[in-house]
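From a predicted model like this one, the values you see are computed outputs, not experimental measurements. Position 1 is the first residue of the sequence; numbering continues from there.
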Amino acid sequence: MASISRMWRQLKTKYSIYHVFVFLLTFFSYAFFHATRKTFSNIKTTISSEWTPQFCNATEPCLRPEKIWMEHHLFDSSSDAEPFLGWLDSTFLISYAVGLYISGILGDRFDMRKVLSLGMCLSAVVVFVFGCLTEWVHLYSQPFYIILFVLNGLLQSTGWPCVVAIMGNWFGKSTRGLVLGAWSACASVGNIIGALLVSQVLDYGYEYAFLVTSAVLFAGGIINFFGLVPSPKDVGLPEPDDGDDDDDSASSGDEDDTGVTARTPLVQSDTDSPVTFTQTRPQAISFFQAVCLPGVIPYSLSYACLKLVNYSFFFWLPFYLHSQYGWKETVADEISIYYDVGGIIGGMIGGYLSDRMKKRAPTVVTMLLLALPSLWGYSASPNNKTINAVLMAVAGFFIGGPANLISSAISADLGRQDLIKGNSEALSTVTGIVDGTGSVGASVGQILVPLLHKQLHLDWHWVFYFFMLMTLMTVVCILPMLVREVRSMKCFLNYQLRRQAAALVQDTHRTDRQHSLNS
């Protein structure tokens, strides 16, 4: 408790009102992005029934003529609509992944405030067209839906690289794990907001769910355009301290003949003068340089495996609860919130622990190993809402927590490491690479989940076994970083022991001299 209160006092003295507004604006910006995505995942059952013929028998006669009443007949049955829903998810994620690589580069070269605001407003328009306008004008077309999902994926990709880069500009490494661990709950909070909004208006028609979330997203874009400050430099404040950790100082390399050390920046700044209000924007790092930064490739590959699992829960959890247990769709939407609650708590606790250790990989790997039994336990959950919610929250803690850390705090660390010190314009590019690679894995998952369950006629337990395999692959990808960080911790421990031994020897010699003088 003392360490927590000490960190809280440090946060209060270190940060200004600007930090609070930046935290809140970026938090709710991405939360609103996720609310629109959650809307589609939560109305899959309803929208698939709208795209299929109405059930009719002797007591429920069919409506005639079918040309008028069945014009939205896209599939013969709801089971036929399920693979198309998975393809829409994959289409969104593939375009989202491609867009992340592009948006990361754009964020480092243009005003992130304008890029983020434009992406939010245009994405809101696309969501409105898909969910509301097509229903109101009775336009039902599979190719048109795919085009809209491609556009929405590209536009929504402007969100994450920009908001993480802005947060990395404002918050330093010493408290980044805790701050960004709490802040990364924005996706889970967005899921909760989306689920609650959908459950409140779904009975009036699924188009009203899209109307509400798209309106909120558009309003958030307008607020960001006029109120968001991308960097402390824009208001004359100093940038946060991203100095080396104590353990790094114990193992720094020696200088060679050219004056280059292991910590010489890969990209040199044009000037070493103090930051001023009128300082020009530094040159952005190239995409290839960002990929080659230490840790970017291992964490990108690991996030591809982990985001597949995390987004499979995100897209298919309400559908799973409805089909597996027969719960009403609105009930399934509300219970699915507990997965996000677990992810929020996991991100905060994991971020705090990684701050205390000054290392990220040991915390992430430990949580992922504990995720394996939690996934198995949730797959065996009985038809009981309370037990299911508890097991779901535990799974969310160990899956969503590490996912939040990799996509936020670790991405910010990678984008502000020593090799690019003096060039903060790598943050958005690195974040786009990590999250973009993760979205590629997530898009594959949205094809495999319905393939395993429907096409191969496998039980839902096999889907969870697949999740466990991908979680284990996440650990394998992070192992090089884990070994590196554990070795640096051992070097730091040996360095501290040598210092203590040297201090003890000096004290002994001082005591002996004092005794000799006294005698």
(request) Using atom types as modelled and distance alone, determine if a side-chain donor or acceptor of His19 lies under 3.5 Å from a backbone N or O of Trp170. (result) yes

(request) If the plane angle is over 60° it's perpendicular, under 30° parallel, otherwise tilted; pick one for Phe149 and Phe40. (result) perpendicular

(request) If the plane angle is over 60° it's perpendicular, under 30° parallel, otherwise tilted; pick one for Phe467 and Phe313. (result) tilted

(message) More than 12 heavy atoms of other residues, nucleotides or ligands under 6.0 Å from CE of Met348: yes or no?
(response) no

(message) Name the residue from Val163, Leu116, Asp234 that meets the side chain to side chain contact (heavy atoms under 4.5 Å, CB included) definition with Leu228.
(response) Leu116

(message) Within a 6.0 Å radius of atom OH on Tyr320, are there more than 12 heavy atoms belonging to other residues, nucleotides or ligands?
(response) yes

(message) Is it the case that atom CZ in Phe23 sees more than 12 heavy atoms from other parts of the structure closer than 6.0 Å?
(response) yes

(request) Classify the ring geometry between Tyr204 and Tyr208 as parallel (under 30°), tilted (30 to 60°) or perpendicular (over 60°). (result) perpendicular

(message) With side chain to side chain contact (heavy atoms under 4.5 Å, CB included) as the test, pick out the partner of Met120 among Val216, Leu155, Leu217, Ile222.
(response) Leu217

(request) Give a yes-or-no answer on whether the side chains of Trp183 and Ser408 include a donor-acceptor pair shorter than 3.5 Å. (result) no

(message) Please determine whether a side-chain nitrogen of the Lys or Arg among Asp355 and Arg360 lies less than 4.0 Å from a carboxylate oxygen of the Asp or Glu.
(response) yes

(request) Examine the side chains of Tyr206 and Thr39 and answer whether a donor and an acceptor come within less than 3.5 Å of each other. (result) no

(message) Ring-plane angle category for Tyr96 and Phe92, please: parallel below 30°, perpendicular beyond 60°, tilted otherwise.
(response) parallel

(request) Begin with the C-alpha distance, continue with both residues' side-chain angles, and end with the deciding distance and a verdict on ring-ring contact (aromatic ring centres under 6.0 Å, His included) for Phe128 and Trp136. (result) CA-CA 11 Å; Phe128 172 79; Trp136 290 342; 5.8 Å; yes

(message) Val229 and side chain to side chain contact (heavy atoms under 4.5 Å, CB included): which single residue from Ile166, Asn169, Val235 fits?
(response) Val235

